[in-house]
K.L.:
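I have a structure here, written as structure tokens, and I will follow up with some questions on it.
Sequence lines set the chain letters: A, B, ... in the order given, protein chains first and strands last, and positions in each chain run from 1. Computed from a predicted structure; not experimentally measured.
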Amino acid sequence: MQVARSLIGKFLVRSCNGRELAGKIVEVEAYVGPQDKACHASKGRTARTDVLFGPPGISYVYLIYGMYYCLNVVTERTEFPAAVLIRAIEIEGELIDGPGRLCRAMQIDRSLNRWNMTDGNQLWFEDRSVVVQKSDVGAFTRIGVDYAGKWAQKPWRFRLNGAECKSRKRS
DNA sequence: AGATTGATCCAT
DNA sequence: TGGATCAATCTG
């Protein structure tokens with residue numbers, strides 16, 4: 001949650017066969033704990049959600065709707081399942097809006113699932129000292145989780161103001 | 001608005 | 001083993 005907010009303005013860096021892509025994180029969503037019905041781990045610990053119960057700083061990449069990957073990073077302590085979904089970034093001034101498009105642009109797939117993002121290898125975060133005022137970040141309801149009842153109402157999506165919302169509706 | 005697409009999960 | 005589900009995107 002706080003982690004999600006603090007990730008806004010940080011950079012996601014992807015190093016892949018010789019070239020490096022870096023993007024400023026513009027939108028994220030938090031999925032917090034076993035009670036959060038929108039969190040994949042709320043249905044219990046399975047082969048797929050096992051990583052969420054592990055240590056923080058590890059990636060959680062999965063296929064959705066049979067065609068698109070989503071990139072998350074595990075945030076909380078071991079045994080407490082929580083993650084932050086990276087929804088949108090800005091690469092060299094171009095807005096990549098939507099988790100599926102983001103993973104396509106950065107060539108992220110299942111091979112980067114359970115990746116250690118803390119040792120600067122292939123995929124990691126960087127703080128490039130972008131100043132983000134608290135007033136620059138808006139909180140909104142999460143997207144695509146209407147099934148989650150009251151948890152769907154939680155304002156756990158954070159977006160940098162000024163980045164126009166092209167993916168899905170709402171704001 | 002509708003189709004697409006396949007891993008995952010749980011009930012037969 | 002089969003069917004329902006899904007943190008999305010594209011096309012019309």
K.L.:
With sequence neighbours left out, write down each residue that passes side-chain contact (heavy atoms from CB on, under 4.5 Å) with A:T46, or none if nothing qualifies.
P.N.:
A:R48, A:T49
K.L.:
Quickly, which of A:N72, A:V73, A:L71 forms a side-chain contact (heavy atoms from CB on, under 4.5 Å) with A:Y60? Name it, please.
P.N.:
A:N72
K.L.:
Is any side-chain N or O of A:R87 closer than 4.0 Å to OP1 or OP2 of C:dA8?
P.N.:
yes
K.L.:
In this structure, how many angstroms lie between the P atom of C:dA7 and the CG atom of A:L102, rounded?
P.N.:
17 Å
K.L.:
Quick one: side-chain contact (heavy atoms from CB on, under 4.5 Å) partners of A:A4, sequence neighbours excluded?
P.N.:
A:V28, A:A30, A:V84, A:F158
K.L.:
Once Watson-Crick and G-U wobble pairs under 3.5 Å are found, how is DNA chain C written in dot-bracket notation, 5' to 3', with | for any base paired to another strand?
P.N.:
||||||.||||.
K.L.:
Which letters describe nucleotides 5-12 of chain B, given B = protein heavy atom under 4.0 Å from base, S = only from sugar-phosphate, - = neither?
P.N.:
BBSSS---
K.L.:
For the pair A:E27 and A:R157, find out whether any cationic side-chain nitrogen is under 4.0 Å from an anionic carboxylate oxygen.
P.N.:
yes
K.L.:
Just to verify, what does A:A22 make a side-chain contact (heavy atoms from CB on, under 4.5 Å) with, not counting sequence neighbours?
P.N.:
A:F11, A:V13, A:R128
K.L.:
Considering residues, nucleotides and ligands other than A:E92, do more than 12 of their heavy atoms fall under 6.0 Å from its CD?
P.N.:
no
K.L.:
Can you identify which nucleotide, out of C:dC6, C:dA8, C:dC10, has its nearest atom closest to the A:Y147 side chain?
P.N.:
C:dC6
K.L.:
Within 45° of the six-membered ring axis of A:Y31 and under 6.0 Å from that ring's centre, is NZ or CZ of A:R142 located there?
P.N.:
yes
K.L.:
Respond yes when some side-chain nitrogen or oxygen of A:R157 is under 4.0 Å from OP1 or OP2 of C:dA7, and no when none is.
P.N.:
no
K.L.:
For A:E29 and C:dA7, what is the distance between atoms CD and P respectively, to the nearest whole Å?
P.N.:
10 Å
K.L.:
Who passes ring-ring contact (aromatic ring centres under 6.0 Å, His included) against A:F53, sequence neighbours left out?
P.N.:
none
K.L.:
Nearest whole angstrom, please: distance from the C1' of C:dA7 to the OH of A:Y60.
P.N.:
9 Å
K.L.:
What is the distance, rounded to the nearest whole Å, between atom CG of A:D97 and atom P of C:dC10?
P.N.:
11 Å
K.L.:
Any salt bridge between A:D50 and A:R114, counting N to O under 4.0 Å?
P.N.:
yes
K.L.:
Could you state the atom-to-atom distance from CZ of A:R101 to C1' of C:dT11 in whole Å?
P.N.:
13 Å
K.L.:
Grab the CD1-P distance between A:I143 and C:dA8 for me, whole Å please.
P.N.:
7 Å
K.L.:
Rounded to the nearest Å, what distance is computed from the CZ atom of residue A:R104 to the C1' atom of nucleotide C:dT9?
P.N.:
8 Å
K.L.:
Rounded to whole Å, how long is the line connecting atom CD of A:E27 with atom C1' of C:dA8?
P.N.:
13 Å
